[in-house]
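Atom set for the values below is all heavy atoms of this structure, side chains included, hydrogens, waters and symmetry mates excluded. Letters A, B, ... are given to chains in the order of the sequence lines, protein chains preceding strands, and every chain is numbered from 1. The structure displayed is predicted, hence computed values, not measured ones.
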Number of protein chains: 2
Amino acid sequence: MKNLIAGINKSFENRIRLGIMSILMVNDWVDFGELKETLGVTDGNLASHITALEKEKYIQVRKAFIGKKPNTSFQATSEGKQAFQAHLNALEALIKGM
Amino acid sequence: MKNLIAGINKSFENRIRLGIMSILMVNDWVDFGELKETLGVTDGNLASHITALEKEKYIQVRKAFIGKKPNTSFQATSEGKQAFQAHLNALEALIKGM
DNA sequence: ATATTTAACTTTGCAATACAAAGTAATTTG
DNA sequence: CAAATTACTTTGTATTGCAAAGTTAAATAT
C-alpha cells in the first residue's frame, strides 16, 4: 500500500473540470454554451475552469462564427487526453485497492 | 447529456478524502498512523480531512490502547460506504459518457 | 524525578480555489 | 437606436487546503 494518491492529477480534482474533460474525451469541439448547459454552471465559473485547463494545455480553443454568431469551442489536446486517462487509471487503481 | 456532475459528492472531491475512503472501503479499522503513512500527508492535514468525513458521518472513530500506546482507528460507516459507492458510480457514469 | 518521545490532535496563518454576480465588448437582431 | 446574445473579465467573498507550530497525555529513557 504505497503512493496511493500520487497519480491523482490536481487539475482534474474539481468536478467541473472533471466534467469538462469527460465531455471532451468523447466529443470534439464542444462549444461554450453546450458545456455551460450540460454542466449547469455560470458562464464566469465555466470560463475560469476552462482557462485553468487551457493553461495546462489540456484543452485548446477555437473561436469562430457560426452564421453570424460568435462561437467558442473546445477540444482536448492529446496531452490532455493522455493526462486525463492517466488520472482515470490512478483513480481506478486507488479504488480497486492496493 | 444531462445533470452530468450532479452525483459527484463534494465530500469526496479532495484526493486525500478520496484516499481515506478508498482505504476504508476495503479495510476495517485502519489507524491514524497507517493512513498518514499511506497517504503521505502531515498529521494536521490528515486530522482535518478525517474530521470533515466524521462530521458527515461517513467514517467513525475508535480510540483504544494497543499495549500501552494510544491508538486511533477509523472505519467507514455503512452510510459512508453507500455514499462513496454512489460517488464512484457517478464518476463512472461521467467518464463512460452520457 | 525530570526529560524526551510518541500519538493524535488543535491552532494559526496564509495562499489558493471556487463561485456568483456584475460589468464589458463586439456583434446582431428587433 | 435599443435590446439581446456570446463569451468573457472583474470583483468580492467565502471556503478550502496545507504546513508548521503548539498542545496534551501517557510512556519510556536517563
Side-chain angles (χ1 to χ4, degrees), chain A residues 3-24 29-56 58-75 87 94, chain B residues 3-24 29-56 58-75 87 94:
Chain A
N3 247 354
L4 249 186
I5 58 177
I8 303 288
N9 190 329
K10 270 234 149 207
S11 296
F12 304 135
E13 241 180 303
N14 173 274
R15 68 213 198 117
I16 295 174
R17 253 137 42 207
L18 203 60
I20 293 169
M21 289 306 295
S22 296
I23 291 168
L24 296 185
W29 299 120
V30 179
D31 67 42
F32 191 92
E34 192 171 353
L35 280 182
K36 185 184 149 182
E37 199 198 346
T38 304
L39 298 171
V41 293
T42 59
D43 49 2
N45 195 7
L46 177 57
S48 78
H49 286 299
I50 280 172
T51 300
L53 290 172
E54 237 187 294
K55 252 181 210 154
E56 302 290 326
Y58 288 159
I59 65 175
Q60 61 187 142
V61 187
R62 187 182 60 187
K63 278 160 195 283
F65 281 84
I66 289 181
K68 310 242 170 136
K69 289 184 181 174
N71 183 269
T72 306
S73 47
F74 308 93
Q75 190 188 41
H87 177 75
L94 175 67
Chain B
N3 245 355
L4 248 188
I5 59 177
I8 304 287
N9 189 329
K10 269 235 151 207
S11 296
F12 304 134
E13 239 180 306
N14 173 274
R15 69 214 196 113
I16 295 174
R17 253 137 41 205
L18 202 59
I20 294 169
M21 290 306 294
S22 296
I23 292 168
L24 297 185
W29 299 121
V30 179
D31 66 41
F32 192 91
E34 192 171 352
L35 280 181
K36 185 185 149 181
E37 199 198 345
T38 303
L39 298 170
V41 293
T42 59
D43 50 2
N45 195 8
L46 178 57
S48 78
H49 287 298
I50 280 172
T51 300
L53 291 172
E54 237 186 293
K55 250 181 211 154
E56 302 290 327
Y58 289 159
I59 65 176
Q60 61 187 143
V61 187
R62 186 183 61 186
K63 277 160 196 283
F65 281 83
I66 290 182
K68 308 243 170 135
K69 288 185 181 171
N71 182 270
T72 306
S73 49
F74 308 94
Q75 188 186 42
H87 177 75
L94 175 66

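The 5' end of DNA chain C is approached more closely, in terms of each residue's nearest nucleotide, by B/K10 than by the other of B/K10 and A/F65.
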So which protein nitrogen or oxygen atoms get under 3.5 Å of nucleotides 7-9 of chain C's nitrogens or oxygens?
unit_1 : atom_1 : unit_2 : atom_2 : d
C/dA7  : O3'    : B/P70  : O      : 3.2
C/dA8  : OP1    : B/T72  : N      : 2.7
C/dC9  : OP1    : B/K63  : NZ     : 2.3
C/dC9  : OP2    : B/T72  : OG1    : 3.2
C/dC9  : N4     : B/D43  : OD1    : 3.2
C/dC9  : N4     : B/D43  : OD2    : 2.8

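Shortest non-hydrogen contact noted between B/R17 and B/S11 is NE-O, 2.9 Å. Across all their heavy atoms, A/L46 and A/L35 have their closest contact at CD2-CB, 3.9 Å. Residues A/E13 and B/N14 approach most closely at OE2-CA, 3.1 Å, considering heavy atoms.
Contact annotation: A/T42 side-chain N/O to C/dA20 OP1/OP2 distance is under 4.0 Å. Contact annotation: A/N45 does not reach the phosphate of C/dT17 (side-chain N/O to OP1 or OP2, under 4.0 Å).
B/L46 comes within 4.0 angstrom of nothing in the nucleic acid, heavy atoms only. Within 4.0 Å (heavy atoms only), B/R17 reaches sugar-phosphate atoms of the nucleic acid but no base atom.
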Report, one line per pair, each donor and acceptor closer than 3.5 Å where one atom sits in a side chain of residues 60-68 of chain A; sequence neighbours left out.
unit_1 : atom_1 : unit_2 : atom_2 : d
A/R62  : NH2    : A/S73  : OG     : 3.4

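Note that the CD1 atom of A/I5 and the CG atom of A/L94 stand 8.0 Å from one another [nearest 0.5 Å]. For the atom pair CG of B/N45 and NZ of B/K36, the computed distance is 11.0 Å after rounding to the nearest 0.5 Å. A distance of 14.0 Å separates NE2 of B/H49 from CE of B/M21, quoted to the nearest 0.5 Å.
The span of DNA chain D lying next to chain B, judged by atoms under 4.0 Å from heavy atoms, is bounded 5' to 3' by D/dG17 to D/dA27.
By the 30° and 60° cut-offs, the orientation of the rings of A/F74 relative to A/F32 is tilted.
Here C/dA18 presents its P atom at 9 Å from CD of A/E13, a figure rounded to the nearest Å. Rounded to an integer number of Å, the gap from CG of A/L18 to C1' of C/dT17 is 16 Å. Distance B/H49 NE2 to C/dT10 P: 14 Å, rounded to the nearest Å.
Just one of A/L18, A/L24, A/I23 meets the side chain to side chain contact (heavy atoms under 4.5 Å, CB included) condition when paired with A/I20; it is A/L24.
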